[in-house]
Amino acid sequence: MIITEKKPNKSLTKKALLRVEGLKTYFPVKGGIFNKTIGHVKAVNDISFSVKRGETFGIVGESGSGKSTLGQTILRLQKPTSGKIIFQEEDITNLSDLQVRKYRRHMQMVFQDPYASLNPRMKVGSLIEEPMIVHGLGSSDERKKKVAQLIETVGLPSDAILKYPHEFSGGQRQRIGIARALSINPQLIIADEPVSALDVSIQSQVLNLLRDLQEEFDLTYLFIAHDLSVVKHISDRIGVMYLGKIVELSSKTSLYENPLHPYTQSLLSAIPVPDPHAKRERIILQGDIPNPTNPPSGCVFRTRCPSAYERCRQESPTLTHHGEGHYVACHLYTDLKNEVEK
Ligand code: SF4
């Protein structure tokens with residue numbers, strides 16, 4: 001099955017539904033005989049971006065880049081250390097758990113492993129109905145009607161209502177997870193690696209379903225993945241994350257046609273090219289992503305970057321605009337610009 005490309009998004013002239021400003025999520029590291037805080041894991045380290053209504057913003061990065069923590073922090077499942085989360089023009093960063101519940105109705109998460117996120121003792125009908133009960137939506141009859149509609153919308157058989165999650169395949173379980181998320185009419189869906197655990201053939205079916213649902217329900221997606229080939233078909237813009245920071249941010253087209261950051265270039269070089277005659281040099285990075293409790297000085301990517309030079313060790317590059325909404329955090333481009341302007 002082929003993944004159909006997302007149509008150009010007409011809603012991109014709309015206002016931002018979500019804005020994240022200088023967001024940091026640090027986790028304390030305890031140690032010593034008094035179990036004191038001896039450091040921090042800087043999982044999300046000064047991240048800013050916005051997502052417009054109807055847009056799909058892809059976040060890509062290796063495991064350990066902080067992308068899942070970013071999603072959880074936006075949903076306020078993790079407490080932000082500093083920065084701002086602005087949803088529908090409201091600053092929700094420091095709302096109490098009770099106050100944040102009101103916003104959770106508009107923001108839902110679709111998880112990587114649908115089986116782990118679905119209570120195995122509940123039937124599918126009850127699993128989809130549960131969020132509506134939690135948020136006090138509709139009468140019992142209205143909820144049952146909505147469950148039946150959603151089962152059909154996500155392409156599950158009508159008798160799924162009376163079955164348990166273990167009776168379904170991985171792809172079908174992800175459809176149950178999606179129906180559950182949709183049950184309370186959210187505006188923003190944070191999809192955390194929603195197809196990573198599925199076979200490639202099933203991945204495309206679920207991606208096509210997500211794209212169709214976006215058009216039908218005017219949904220906004222924050223789509224988290226470790227693989228640029230997955231986000232390519234569904235995203236309007238993409239942010240590439242490395243060790244808690246966004247190192248490149250741009251429209252999908254600009255990112256795939258003209259990747260600027262050496263990390264993005266290496267991720268793209270790993271995607272197989274459909275044309276057997278087309279050549280693409282594979283850039284293999286040395287080593288693993290560094291420990292986030294002790295990130296490298298200067299540019300966080302410098303220990304693996306094939307282009308690193310002295311300045312990279314001393315100074316952290318900032319995300320800088322390089323035209324047409326394409327931002328990159330790399331000294332190569334500011335130094336190049338300075339050279340040209342001399
Ligand atoms: Fe590589 Fe230096 Fe650019 Fe970082 S700033 S990506 S180390 S060239």
Side-chain angles (χ1 to χ4, degrees), residues 20-26 39-49 57-70 83 224-229 231-232 235 237-271 280-342:
V20 166
E21 293 176 4
L23 193 66
K24 293 182 182 175
T25 311
Y26 293 178
H40 286 94
V41 174
K42 297 177 178 178
V44 175
N45 195 5
D46 200 5
I47 280 188
S48 303
F49 64 89
F57 188 77
I59 293 276
V60 178
E62 284 168 286
S63 154
S65 61
K67 56 194 190 304
S68 293
T69 308
L70 173 65
I224 298 168
H226 64 267
D227 183 343
L228 268 170
S229 63
V231 288
K232 181 176 182 196
S235 303
R237 286 186 305 137
I238 296 169
V240 179
M241 262 186 95
Y242 188 83
L243 216 60
K245 290 185 176 287
I246 287 188
V247 295
E248 186 160 7
L249 190 160
S250 102
S251 71
K252 170 178 75 176
T253 317
S254 188
L255 192 88
Y256 285 84
E257 286 177 2
N258 184 27
L260 297 177
H261 198 280
Y263 180 54
T264 315
Q265 289 166 356
S266 77
L267 289 180
L268 272 174
S269 79
I271 300 177
R280 182 190 275 162
E281 194 191 337
R282 176 88 201 265
I283 305 166
I284 298 171
L285 296 178
Q286 301 301 316
D288 293 322
I289 193 162
N291 184 341
T293 43
N294 187 21
S297 63
C299 174
V300 285
F301 187 57
R302 76 169 169 81
T303 51
R304 300 171 79 196
C305 179
S307 312
Y309 56 109
E310 184 53 27
R311 187 180 174 196
C312 310
R313 199 164 58 82
Q314 294 165 357
E315 225 181 294
S316 173
T318 49
L319 209 55
T320 312
H321 192 217
H322 284 268
E324 299 185 7
H326 198 143
Y327 296 80
V328 66
C330 175
H331 293 314
L332 285 175
Y333 299 94
T334 38
D335 282 352
L336 193 70
K337 195 164 165 252
N338 291 342
E339 276 297 308
V340 171
E341 282 170 3
K342 258 186 213 168

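We number each residue from 1, following the sequence as shown. Indexing begins at 1, ligand by ligand and atom by atom, following the structure's order.
If you look at atom 3 (Fe) of ligand 1, the protein N, O or S atoms less than 2.8 Å from it are Cys330 SG.
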N/O donor to acceptor pairs below 3.5 angstrom from side-chain atoms of residues 323-331, sequence neighbours left out:
| residue | atom | partner | partner atom | Å |
| --- | --- | --- | --- | --- |
| His326 | ND1 | Ser254 | OG | 2.6 |
| His326 | NE2 | Glu248 | OE2 | 2.5 |
| His331 | NE2 | Glu315 | O | 2.7 |

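Evaluation of the ring-ring contact (aromatic ring centres under 6.0 Å, His included) rule for His226 yields no partner, not counting sequence neighbours. Take Thr293 and apply the side-chain hydrogen bond (donor to acceptor under 3.5 Å, both in side chains) test, not counting sequence neighbours, and it matches Asn291.
The aromatic rings of His40 and Tyr26 lie tilted to each other, with the angle between the two planes from 30° to 60°.
Applying the ring-ring contact (aromatic ring centres under 6.0 Å, His included) test between His261 and each of Tyr333, Tyr242, Phe301 identifies Phe301 as the sole match.
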Side chain to side chain contact (heavy atoms under 4.5 Å, CB included) between Tyr263 and Val300, intermediate numbers included: CA-CA 11 Å; Tyr263 180 54; Val300 285; over 6 Å; no

